[in-house]
Amino acid sequence: QCCQLVKANSIQGCKLSNVDIVYTPYPNLKKTGDMVAGQVGFHKNKKVIKINIEKNNEIWKKLEKTREERDVDLKEERERRDREEREEIKKQQKIERELEKVRIEQEKKEKEMRSYKLLDTDPSLCTTNQFENEEDAEKELVDDFM
C-alpha cells in the first residue's frame with residue numbers, strides 16, 4: 001500500500017503502469033554538485049531496496065477513501081504547547097518551593113530543639129544579675145543549694 005501511495009503521488013509514476021520504487025536510508029543518499037535537480041546517488045548499493053509496482057486502482061481508491069486532510073494552524077499549536085510546558089514548569093517550581101518551605105521549617109524546629117532557650121524559661125532559676133549586691137546573690141545560691 002505504501003508503494004502504491006508513493007507511485008500515485010509521483011508526477012511521472014502516476015502516468016505509468018509499471019514503476020520501480022527505490023527505498024534506502026537517508027544517510028545512504030549521495031548528492032554531488034554536478035547532479036541534476038532531483039537526481040541522487042547511493043553510497044552503498046547493498047542498502048538500496050528496489051520494488052517493482054504495477055498500477056492497482058483498487059488499493060489507490062481505498063487509500064483515497066481513508067484520506068484525512070486537516071487544516072493545521074501551526075502557530076496556534078506551538079503557542080498551546082508552549083503554554084502547557086510553562087504551566088508544567090510553574091507547577092514543578094511551586095512544588096519545589098513548598099518542599100523547600102517545609103524543609104526550612106523542619107530545620108528551624110530541629111535547631112530550636114537543640115538550643116538552650118527551653119532551659120532558660122524556668123522562672124525559679126535566676127541569674128546573679130537579678131540581685132542587687134553580691135552578698136544577697138551568694139546567700140540565695142547557698143540557700144537554694146541546701
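Atom set for the values below is all heavy atoms of this structure, side chains included, hydrogens, waters and symmetry mates excluded.
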If you round to the nearest 0.5 Å, how far is [atom2] of [Y] from [atom1] of [X]?
X: Ile51; Y: Asp20; atom1: CD1; atom2: CG; answer: 10.0 Å
X: Gln93; Y: Glu88; atom1: CD; atom2: CD; answer: 11.0 Å
X: Arg78; Y: Asp73; atom1: CZ; atom2: CG; answer: 13.0 Å
X: Lys111; Y: Ile104; atom1: NZ; atom2: CD1; answer: 12.0 Å
X: Thr32; Y: Lys30; atom1: OG1; atom2: NZ; answer: 7.0 Å
X: Lys101; Y: Glu105; atom1: NZ; atom2: CD; answer: 10.0 Å

For this session: Salt-bridge test for Arg81 and Glu77: reply yes if a basic N is under 4.0 Å from a carboxylate O, no otherwise.
Result: no
Is there a side-chain contact between [X] and [Y], using heavy atoms and a 4.5 Å cut-off?
X: Arg83; Y: Arg86; value: yes
X: Phe42; Y: Leu29; value: yes
X: Arg103; Y: Glu107; value: yes
X: Glu76; Y: Glu79; value: yes

Exercise. NZ of Lys75: more than 12 outside heavy atoms within 6.0 angstrom?
Worked result: no
For this session: Is it possible for you to say whether Val22 and Tyr26 belong to one hydrophobic cluster, with membership spreading through side-chain heavy-atom contacts below 4.5 Å?
Result: yes
For this session: Of all the heavy-atom pairs spanning Pro25 and Lys47, show the shortest one and how long it is.
Result: CD-O, 3.7 Å
Exercise. Would Glu96 and Glu100 satisfy side chain to side chain contact (heavy atoms under 4.5 Å, CB included), going step by step from the backbone distance to the final call?
Worked result: CA-CA 6 Å; Glu96 288 175 5; Glu100 184 67 20; over 6 Å; no
Exercise. Has the side chain of Asn28 got a donor or acceptor atom that lies under 3.5 Å from a matching backbone atom of Lys44?
Worked result: yes
